[in-house]
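A quick write-up on the structure given underneath.
The chain is numbered in sequence order, starting from 1. The structure displayed is predicted, hence computed values, not measured ones.
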Amino acid sequence: MMVSEVASRRGGTLQDEKQIGIIEEGELKESHASESSFLKGNGTSLVVEEKVSTVKINSVPDPPFVMNMQLNVVWLVLLGLSFGTRLWQLTIPKYVVFDEVHFGKFTNFFMQNKFFFDVHPPLGKLTFAITAYLSGYDGSFSFDEIGQGLGDYEAFVWILRFVPAFLGSLIAPCIYEIILELGCTHWAASFGAFLVIFDNMLIVQTRFMFLDAYLLFFSVSSLMCYLKFKNKNKSCAFTFSWWLWLILLGVSLTGACSSKYCAVLTLLTLGIVMCLDFWRMIGDKAISNKDLTSHFAARVFCLGVIPVLLYLLQFYILFAVLYKTGPHDDMMSSPFQASLEGGLAKITHGQAREIAYGSQITLRHTGRQCWLHSHAHNYPIKYPDGRGSSHQQQVTCYSFKDVNNWWIVKDPKSNNLHVDFPPRPVVNGDIIQLIHGVSGRTLNSHDVAAPLSPTNQEVSCYIDYNISMPPQNLWRLEIVNPDSTNKWITIQSEIRFIHVNTSQALKITGLQLPDWGFKQLEVATDRVINQKDTSWNVEEHQQNISYPEGHIPEKKESPTDVPAAKPMPFFRKFWEMQKKMIESNKELSGEHTFSSTPSYWPTMKRGVAYWIHKNLNMQIYCIGNPIVWWMSASSVIAYALVLIFYSLRRRRAVYDIDNDAWDNYCFLGHLLVIGYFLHYFPYFAMERTLFIHYYLPGLLFKIILLCVVVEHFYNYIIVNRYIRYVMLTVCTLLCVAVVITYHVFSPFTYGHVALTSAEINRRRWLPLWDMLSHSNT
């Protein structure tokens, strides 16, 4: 019998029976089997006895630095495929595609330091801007419309497209690591990464100047960092690697939420599972109170403090770079606009700061882009519902600057419409009248129902018809944010006008008047005073001062003597921007040719056309790989059925898998199934316009779940090795089918082939796949 066989029978190896590598004081003592070794047996075991001899040789010093490296060839191949499918012919098509119109223009505004507004957070746009700056792009390509030729700017657009393509290429390796961290084999991880690599929609969304690559990468990166941190937390808490993954988790979550606000669903998913993890830690008596406090503080700092600081930093950079007036100024408040060079800052430069009696002003609503307005047209005598009006002069809120937006602040006790010398400032609580500058009529309200809001009172400019409707034109000024002087300040003071006779506040209802009101917004008064719709501020201000005889007015400062822009505190600008972004997201509703409902998404009933050549059928059509989508659609159902089966069996005290495997299976449900539901079902409640690519984060959760369910079947449910071979064969054939369908739909992914109408129809597998086609091709 060989010695190795003896060792193996004892449960060890041949190395366990030898003494090797004994080094002492420059001499190497190497044990080896002597010529006279023999075996002794006691009937149940064999013992190997060896004679040891010592050999003296010259010692070789160890190198000062040693690095051992292992290369995962499969991982490298998958990484190469991921980069290849996304970076291949990145300048094709050589035209502007879909939302590149918007993000290209935003990049131009960055290059020109012009302020703009977008509903998405700034991270992706800042990255495009930094890339453009480093590449030498000057922002001169217009990005006017979808289908615009790139021309001489092809190289710059390639660089701008490279950034999301690079991030998109890293999604598959992250999926690979996630599946490994969930306890699966490398083959299961490879299967998941393979499905991600060859999904056509994931490629489309990460090849162009869109924000989806940032969202998807940081979302899967967050999931990967959480799992690595969770696994480190079991054995090596507070080590370097533990801190590293916790910090990277906070950074990744910040990156996701700073790309698109829908990433809050990822934040919610990981927040739930991390709270469950910490709840279990609280119940573990082996963890001391001191350690629990340290764990909690570490999580608060890395997942709370650091992300908030990074999020604020982005907006600080945004405001620092975009310091000039731009195309979207009017969407922001008057103080915000005045903080930008040019625009309102230039218009209002040199105007008096304090409002006085006799001042001429324009009143802008603080929450909307419109100004208090009146014009020489009356309310109709009767409305379509039969209600009568006062037939007084209309008062509205107009969305554009106009001469009819000007009003004069009048003291009710005086007939003077000029500013006295010295000016008498208006202070908080004063009773005033507002005279319309063009018509000379006073702002009035009375017990007559508003045109579109019968529960509110009508606001008008009073016309004396010699009828029994006395003027009710006194208003009490209420400053929402008074300073120490209590004076009414231009731009800065947020104010309300309280009607003296009825104690109701002047407000904008948000409803649009019909043709007789020129589609302008309705203004009324409301009993509810403390609401955002009742808040106004003075934007433009002029004073015609009545100087006494012989008085020489002081010379006004030259515009060059005083900075045109009026600084606005960072946090005030930040909160205004946040509120405006959230409100604008809610208002993104309307019909779109290629919009779809969430019920269409799991089976990919519909795609989105992004671009088509003017003459040929070369096009970008956002559609996924049908095999990937339809196969992953079964993962949640399969997981649920197995979970129900195990639960019923364990209820009957039949334990098909051990407790560790059961706990891991339940954890997969907490993480992946809840994650999928949170990334899918909230869209049913949204009223905004929706597209199928919003489903991609949920799709990634389903792909991961599919892989871990397949591996669970292979390890625990299918015990017959022949059936296992069949299962492996099926998975292999599915991978082949995935590659084939990827190739079939690749003309819609890359836009590099001009298909005929017949070839397009053969690829229209479902009725609602409305690929575009020129009728003459």
Side-chain angles (χ1 to χ4, degrees), residues 171-172 174-202 216 219-220 223-224 227 265-266 269-270 272-273 598-605 624-647 657 661-662 664-683 692-718 724 726-735 737-738 741-742:
I171 295 173
C174 288
I175 295 293
Y176 183 95
E177 293 294 330
I178 288 170
I179 298 174
L180 284 184
E181 294 296 327
L182 289 171
C184 298
T185 62
H186 287 273
W187 295 113
S190 301
F191 183 57
F194 188 86
L195 298 181
V196 170
I197 289 170
F198 289 102
D199 180 72
N200 300 67
M201 190 180 296
L202 286 169
L216 296 173
S219 295
V220 297
L223 184 56
M224 179 189 71
L227 290 171
L265 302 175
T266 303
T269 301
L270 296 182
I272 290 173
V273 293
S599 60
Y600 283 16
W601 298 349
T603 53
M604 200 174 61
K605 289 184 179 179
N625 189 314
I627 305 298
V628 175
W629 283 62
W630 297 341
M631 183 168 50
S632 64
S634 63
S635 61
V636 177
I637 298 174
Y639 175 86
L641 291 176
V642 174
L643 181 66
I644 294 171
F645 172 78
Y646 281 152
S647 299
I657 56 178
W662 169 251
N664 185 61
Y665 195 79
C666 292
F667 169 72
L668 295 175
H670 295 154
L671 179 63
L672 301 178
V673 177
I674 292 178
Y676 167 68
F677 285 158
L678 288 177
H679 283 81
Y680 177 49
F681 285 105
Y683 288 102
I692 190 171
H693 58 79
Y694 293 179
Y695 185 68
L696 288 179
L699 174 69
L700 293 176
F701 274 91
K702 289 208 307 184
I703 289 175
I704 298 170
L705 184 62
L706 174 67
C707 297
V708 296
V709 168
V710 167
E711 171 136 324
H712 187 84
F713 269 82
Y714 185 86
N715 290 335
Y716 295 100
I717 296 179
I718 300 176
R724 286 184 172 184
V726 172
M727 184 177 179
L728 292 176
T729 303
V730 170
C731 289
T732 303
L733 293 176
L734 285 173
C735 288
V738 165
T741 52
Y742 156 78

Do [X] and [Y] come within less than 4.5 Å of each other through their side chains, counting heavy atoms only?
| X | Y | result |
| --- | --- | --- |
| S219 | H679 | no |
| I175 | L195 | no |
| E711 | I179 | no |
| V273 | I674 | no |
| Y695 | Y683 | no |

For residues [X] and [Y], report the shortest heavy-atom separation together with the two atoms involved.
| X | Y | result |
| --- | --- | --- |
| A172 | A193 | O-CB, 3.6 Å |
| L671 | T269 | O-CG2, 3.8 Å |
| H693 | M201 | CA-SD, 4.0 Å |
| L182 | N664 | O-ND2, 3.8 Å |
| I718 | R724 | O-NE, 2.9 Å |
| I703 | G192 | CG2-O, 3.9 Å |

Rounded distance (nearest 0.5 Å) linking atom [atom1] of [X] with atom [atom2] of [Y]:
| X | Y | atom1 | atom2 | result |
| --- | --- | --- | --- | --- |
| L270 | L227 | CG | CG | 8.5 Å |
| I704 | E181 | CD1 | CD | 12.0 Å |
| L734 | T741 | CG | OG1 | 10.0 Å |
| F701 | L223 | CZ | CG | 5.0 Å |
| C666 | H670 | SG | NE2 | 6.0 Å |
| I627 | C735 | CD1 | SG | 11.5 Å |

Mind checking whether Y714 and W187 have ring centres under 6.0 Å apart?
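Ring centres of W187 and Y714 not closer than 6.0 Å.
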
Would a distance-only check, ignoring hydrogens and angles, find a side-chain to backbone donor-acceptor pair under 3.5 Å from S635 to L705?
no

Keeping the roles fixed (side chain from N200, backbone from Y742), state whether a donor-acceptor pair exists under 3.5 Å.
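Here the side-chain-to-backbone pair exists.
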
Verify side chain to side chain contact (heavy atoms under 4.5 Å, CB included) between H712 and I657, making sure each step is shown before the conclusion.
CA-CA 11 Å; H712 187 84; I657 56 178; 4.2 Å; yes

Exercise answer: donor-acceptor pairs, residues 637-644 side-chain atoms, under 3.5 Å, sequence neighbours excluded:
residue, atom, partner, partner atom, Å
Y639, OH, Y665, O, 2.6
Y639, OH, G669, N, 2.9

Parallel, tilted or perpendicular for Y680 and Y676, by the 30°/60° rule?
parallel

